[in-house]
2 protein chains.
Amino acid sequence: MSAFIVIVEDEEDILELIEYNLEKEGFDTIGFTSTKNVGQLLEEESVDLLIMDRNLPGVEGSEFVAQMRNVGVETPVIYLTAKNKESDIEEGFDRGGDDYITKPFNMKELVLRIKAVLKRTKKDKTEGKMIYRDIVLDLGSRELFIENKNIELTKLEFDLLHTLISNQNIVLDRDYLLEHVWGSDAIYQDRTVNVAINRLKEKIDPDKSKEYIKTVRGVGYTLC
Amino acid sequence: MSAFIVIVEDEEDILELIEYNLEKEGFDTIGFTSTKNVGQLLEEESVDLLIMDRNLPGVEGSEFVAQMRNVGVETPVIYLTAKNKESDIEEGFDRGGDDYITKPFNMKELVLRIKAVLKRTKKDKTEGKMIYRDIVLDLGSRELFIENKNIELTKLEFDLLHTLISNQNIVLDRDYLLEHVWGSDAIYQDRTVNVAINRLKEKIDPDKSKEYIKTVRGVGYTLC
DNA sequence: CGCCTATGTAACATAACGGTTACAGAGACA
DNA sequence: TGTCTCTGTAACCGTTATGTTACATAGGCG
């Protein structure tokens, strides 16, 4: 899971520490010691996550985010804050922040929270296309093209193919698919997955010549 | 799938009910009626799952978990909560909780969720590749490459090789293999291991020139 | 060398797994 | 309400993985 992360933190050593650790995790980062220029960046570039110190000299971090929200920027935010009085925390949440973390924090926790937020927001990011071999899955219009031919999919089929394609080369077991496609509270039988997969197979490869979806006996399914 | 589960629930009868049912499922459990002593346990012992009432007298369950996260404890959590207002649920998730279940709940659902969480956290640990000499075992795609040639394995063969390779240079006896590959509740004969090992040997080294798997007479097998 | 035990091998039986199909209920839509 | 589509469930069946058994072989030890 790669992502473009903007960090605003006035203490340079902390800023560098965060950047170093996040890049080690494979994220692209850019750091600022003030909110200057950040607004423009958020408006113009596709930023996946903003990590924002709340105790910046001059502007309150949450004030800045509130302004951003007003001009239509929806980038999720994780606040860094030395305060941990509950009122502050609640305030941060109320204004649309997605998470907070109190200093001092450890890197492991920050990374975990980042991944959690990205995972959560990845869902509503429906831009872009996913490609696998000659399969093109348009996440915006929810259309599937195979060899440039449009193939209609039901919601279930689309979601199923989507999670398969976003985990290509990884064998997904039925429980995983049930949880991620049907929902974590779904209590269905794993045979349900079975049938759904085969309906999908039938649609995307009627004459069974392509073998996009490989079944791994005793385990699950994979796109490989 | 055995696991060590800590339960925090102030109502003793509910606590006992949960413990009874989980132990019936083969889990090791320990129950507490308050968070006292729980923090220490989580830090010192390897706990697989925490089941946490959110409505404890005094401390908020999620506050307690947040504190634990701050000191580096990553134990997954399932919250028990009587509240079901959506805001509460989201908050629980946002702060790093892995799942929640609202009271009143039925045991079946709780057990299902427990198994799901355990499986999910186990999976995170098992990504990547394992290498031994010229053997490359891809845990995600469940593929085996020897000298860059792909060799198909059945589920059993894969799991067997996986535990061998993750215990290389250690002689594993048949009981260990039965428990870890076939499952702790498996009641097979040790000849079963024998045959499985040899089927694996045949696949990964047909002309018996490499001798990846060494049999240690009277003890078991090892990759050394 | 000869015995004994552990291990390898091959054949067989069966249980598990997954593909397929048919059907019924749920939901959308007119 | 009636119709149509989507989707979960159950039943059936072929395929294959795998446990079991029986027998062959190899290794250790006197």
Side-chain angles (χ1 to χ4, degrees), chain A residues 142 144 151-164 171-224, chain B residues 112 142 144 151-164 171-223:
Chain A
R142 296 183 67 90
L144 166 68
I151 296 177
E152 294 229 342
L153 293 181
T154 68
K155 166 176 160 51
L156 184 68
E157 288 160 355
F158 183 89
D159 292 342
L160 188 51
L161 184 55
H162 183 194
T163 80
L164 282 171
V171 180
L172 304 176
D173 59 40
R174 289 171 176 74
D175 286 343
Y176 181 94
L177 289 170
L178 269 181
E179 191 178 322
H180 286 78
V181 179
W182 280 258
S184 57
D185 53 344
I187 309 174
Y188 296 116
Q189 311 178 353
D190 53 3
R191 317 255 43 238
T192 296
V193 179
N194 211 317
V195 177
I197 283 276
N198 285 301
R199 284 173 179 156
L200 178 59
K201 276 187 180 176
E202 172 67 24
K203 268 202 188 164
I204 66 179
D205 184 22
D207 43 347
K208 293 170 189 170
S209 54
K210 301 288 190 55
E211 301 207 340
Y212 297 116
I213 300 176
K214 184 178 159 197
T215 104
V216 181
R217 196 179 220 273
V219 188
Y221 300 90
T222 184
L223 225 66
C224 75
Chain B
L112 280 174
R142 297 183 66 94
L144 166 67
I151 296 175
E152 294 227 345
L153 293 181
T154 68
K155 168 177 157 55
L156 184 69
E157 288 160 354
F158 184 91
D159 293 342
L160 188 52
L161 184 55
H162 183 194
T163 80
L164 283 171
V171 181
L172 303 176
D173 60 40
R174 290 174 175 73
D175 284 344
Y176 180 93
L177 289 171
L178 269 180
E179 191 176 326
H180 286 78
V181 179
W182 279 258
S184 55
D185 51 345
I187 312 171
Y188 298 115
Q189 311 177 355
D190 55 359
R191 315 255 53 235
T192 296
V193 180
N194 211 318
V195 176
I197 284 276
N198 286 299
R199 282 173 179 156
L200 178 58
K201 277 186 180 176
E202 171 68 23
K203 269 202 188 163
I204 66 179
D205 184 22
D207 43 347
K208 294 171 189 168
S209 55
K210 300 288 190 54
E211 302 209 338
Y212 297 115
I213 300 176
K214 187 178 159 196
T215 103
V216 181
R217 199 182 162 85
V219 189
Y221 301 90
T222 182
L223 224 66

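None of the values given here were measured: they were computed from a predicted structure. Below, chains carry the letters A, B, ... as their sequence lines are ordered, and counting in each starts from 1.
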Given C/dT7, D/dT7, D/dT18, which nucleotide is nearest the side-chain atoms of B/Thr154? D/dT18

Whole angstrom value for the distance that separates C1' of C/dA26 from CH2 of A/Trp182: 17 Å

Short of 4.0 Å, heavy atom to strand atom, which residues of residues 189-205 of chain A count as contacting DNA chain D? A/Gln189, A/Arg191, A/Thr192, A/Val195, A/Arg199

Taken to the nearest 0.5 Å, the spacing of B/Leu164 CG from B/Leu160 CG works out to 5.0 Å

In whole angstrom, give the distance that lies between atom NZ of B/Lys208 and atom C1' of C/dT7. 12 Å

What is the distance, to the nearest angstrom, from the CG atom on A/Leu156 to the P atom on C/dA28? 15 Å

Nearest to side-chain heavy atoms of B/Arg217, which nucleotide of C/dG8, D/dG19, D/dG28: D/dG28

Would one find a side-chain N or O of A/Tyr221 under 4.0 angstrom from OP1 or OP2 of C/dG19? yes

Under a plain distance cut-off of 3.5 Å, with no hydrogens placed, do A/Asp190 and A/Asn194 share a side-chain donor-acceptor pair? no

Between C/dG19 atom P and A/Lys214 atom NZ, what is the distance in whole Å? 13 Å

How long is the gap from CG on A/Leu200 to CG on A/Leu156, to the nearest 0.5 Å? 9.0 Å

B/Leu160 has an atom CG; how far is it from atom P of D/dG19, in whole Å? 10 Å

Donor-acceptor check, side chain of A/Asp159 to backbone of A/Val181, threshold 3.5 angstrom: yes or no? no

d(CD, B/Glu157; P, D/dT16) in whole Å: 14 Å

Rounded to the nearest 0.5 Å, how far apart are CD of B/Glu157 and CD1 of B/Ile197? 10.5 Å

Could you pull out the closest heavy-atom pair between B/Tyr212 and B/Ile204, with the gap in Å? CE1-O, 3.4 Å

I need the OH-P distance between B/Tyr188 and D/dA17, as an integer number of Å. 16 Å

If you look at every heavy atom in B/Leu178 and B/Gln189, which pair is closest and at what distance? CD1-O, 4.2 Å

What is the distance from NZ of A/Lys155 to C1' of C/dA26, rounded to the nearest Å? 15 Å

Give a yes/no on whether any side-chain N or O of A/Thr215 is located under 4.0 angstrom from OP1 or OP2 of C/dG19. yes

